[in-house]
Amino acid sequence: MCVRTGRFRLYAAVAGGNFRRFATYRMATLAGVFTNTVFGVILAYTYKALWDERPGLGGYDQAQALTYVWLGQALLMAVAAMGGGFEADLMERIRTGDIATDLHRPVDLQAWWLAGDLGRAAFHLLGRGVVPMTFGALAFQLALPTSPLTWLATLLAVLLGVVVSFALRYLVALSAFWLLDGAGVAQISWLAGMFFSGMLLPLNVFPGALGEVARALPWSALLQVPADVFLGKHTGTGLLAIYAFQAAWAAGLLAVGRMLQGVATRRVVVQGG
């Protein structure tokens, strides 16, 4: 019990340290808030024009569609739908060989980086999410939840989405063990995240089989799922089912990451020997 408590405190300290690290980049945060807000305005007017022509598209009315836009801008950096965060640092440590030191530390490599990424996500949710969402609510007619329970349910969906995002990006970073440069894999992951998370357009708008496949992929857990929870599309047992969907992807991807981490560790040990 004492060991578990000590590790929990360690990972909490790592998360807190990463939160404070990103909080020091004040000008970058302000620039990011401005950028998210500007793109939010552009997307909002694009969505208004689209929903004027196609009312009820994707099962959303215009207010819900606009809410989707601003929630996406609020969550963009938190869920790292287009990458960003720890991947570059981890790939650089693998490239330089510094990862050998990390693998011999008495802490779990995956849990260490996950804790740090949770701290990063928490900062971006507050530092780059609140202002764009507030601006959107003041400038446009949004369909904001009236029940505090819906807000809490959305926060849980966002947390699970962040874990899924981390698990995907962890696999991208581990590819550097076998590739000279993981930039290509990172670029593919960035494109997939941008398209299949619903960042450009809600996945509910995708037609037929494409929509079904897109909603079944792990990237949908990053934005589409939290947005639908926020808009009240999932309630009761449906809400539990969507949480199970996110949790299953998170657990599966983390397990694959741990397996690859074990293979990589043995490779480092053999080469070091």
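Aromatic ring orientation, Phe140 versus Trp70: tilted (interplanar angle from 30° to 60°). A tilted orientation is assigned to the rings of Tyr68 and Tyr60, their planes being inclined by 30° to 60°.
Closest approach of Pro226 to Leu222, counting heavy atoms only: CG-O, 3.5 Å. Ser197 approaches Met194 most closely through the heavy-atom pair OG-O, 3.9 Å. Scanning all heavy atoms of the two residues, the minimum distance from Asn18 to Asp117 falls at ND2-N, 4.2 Å. Heavy-atom minimum distance, Val162 versus Ala121: CG1-CB, 3.7 Å. The shortest heavy-atom contact between Leu253 and Pro218 is CD1-CB, 4.0 Å. The nearest pair of heavy atoms linking Ala250 to Ala167 is O-CB, 4.4 Å.
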Trp51/Leu66 under side chain to side chain contact (heavy atoms under 4.5 Å, CB included): CA gap, chis, key distance, verdict: CA-CA 10 Å; Trp51 260 260; Leu66 292 174; over 6 Å; no
Audit row: Val229, Leu239, side chain to side chain contact (heavy atoms under 4.5 Å, CB included) steps and yes/no: CA-CA 7 Å; Val229 172; Leu239 182 60; 3.8 Å; yes
Test side chain to side chain contact (heavy atoms under 4.5 Å, CB included) applied to Leu76 and Met82, step by step: CA-CA 8 Å; Leu76 175 62; Met82 296 187 295; 3.6 Å; yes
Test log, rule salt bridge (charged side-chain N to carboxylate O under 4.0 Å, His left out), inputs Asp89 and Arg21: CA-CA 14 Å; Asp89 292 339; Arg21 171 194 169 195; 3.7 Å; yes
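Here CG of Asp61 is found 8.5 Å from CG of Leu231. Values are rounded to the nearest 0.5 Å. Rounding to the nearest 0.5 Å places CZ of Phe19 at 5.5 Å from CG of Leu126. Interatomic distance, Phe123 CZ to Leu118 CG, rounded to the nearest 0.5 Å: 15.5 Å. For the atom pair Asp228 CG and Ser220 OG, the distance stands at 9.5 Å (nearest 0.5 Å). The CG atom of Leu223 lies 6.5 Å from the CG atom of Leu71; values are rounded to the nearest 0.5 Å. Note that the OG1 atom of Thr29 and the CZ atom of Arg26 stand 9.0 Å from one another [nearest 0.5 Å].
A ring pair (Phe, Tyr, Trp, His ring centres under 6.0 Å) with Phe166 holds for exactly one of Trp249, Phe86, Trp112; it is Phe86. For the pairing with Phe195, the ring pair (Phe, Tyr, Trp, His ring centres under 6.0 Å) check across Trp219, Phe206, Trp190 returns one residue only, Phe206.
A 6.0 Å sphere centred on CD of Glu92 holds more than 12 heavy atoms belonging to other residues, nucleotides or ligands.
Under the 3.5 Å distance criterion, the side-chain polar atoms of Thr35 are matched with a main-chain donor or acceptor of Ala31. Between the side chain of Gln246 and the main chain of Ala157, a donor-acceptor pair closer than 3.5 Å is present. A donor-acceptor pair under 3.5 Å links the side-chain atoms of Gln224 to the main chain of Leu203, judged by distance alone. Tyr47 contributes no side-chain N or O that, together with a main-chain N or O of Thr67, makes up a donor-acceptor pair within less than 3.5 Å. When atom types are taken as modelled, the side chain of Arg128 and the backbone of Ala74 share no donor-acceptor pair closer than 3.5 angstrom.
Using a 4.5 Å heavy-atom cutoff, the side chains of Leu50 and Thr46 are not in contact. Contact of the Asn204 side chain with the Lys233 side chain is not registered, since no non-hydrogen atoms from C-beta on lie closer than 4.5 Å. By the 4.5 Å heavy-atom criterion applied to side chains, Val33 and Pro132 are counted as neighbours. No side-chain heavy atom of Arg258 sits under 4.5 Å from any side-chain heavy atom of Leu254. Taking the side chain as every heavy atom from C-beta outward, Phe177 and Val263 never approach each other to under 4.5 Å. Side chains of Gln73 and Leu43 form a contact here, defined as non-hydrogen atoms less than 4.5 Å apart. A heavy-atom distance below 4.5 Å is found between the side chains of Phe230 and Leu144. In this structure the side chain of Tyr170 never reaches within 4.5 angstrom of the side chain of Leu114, judged on heavy atoms.
Hydrophobic clustering places Ile94 together with Leu103 (ILVMFWY residues linked when any side-chain heavy atoms are closer than 4.5 Å, directly or through intermediates). Grouping the Ile, Leu, Val, Met, Phe, Trp and Tyr side chains by contacts below 4.5 angstrom, directly or via other members, places Leu191 with Met199. Phe245 and Val256 fall within a single hydrophobic cluster, where Ile, Leu, Val, Met, Phe, Trp and Tyr are joined by side-chain heavy atoms under 4.5 Å apart, directly or via other members. Grouping the Ile, Leu, Val, Met, Phe, Trp and Tyr side chains by contacts below 4.5 angstrom, directly or via other members, places Met133 with Leu75. In the hydrophobic cluster analysis, where Ile, Leu, Val, Met, Phe, Trp and Tyr join through side-chain heavy atoms closer than 4.5 angstrom, Val213 is grouped together with Leu200.
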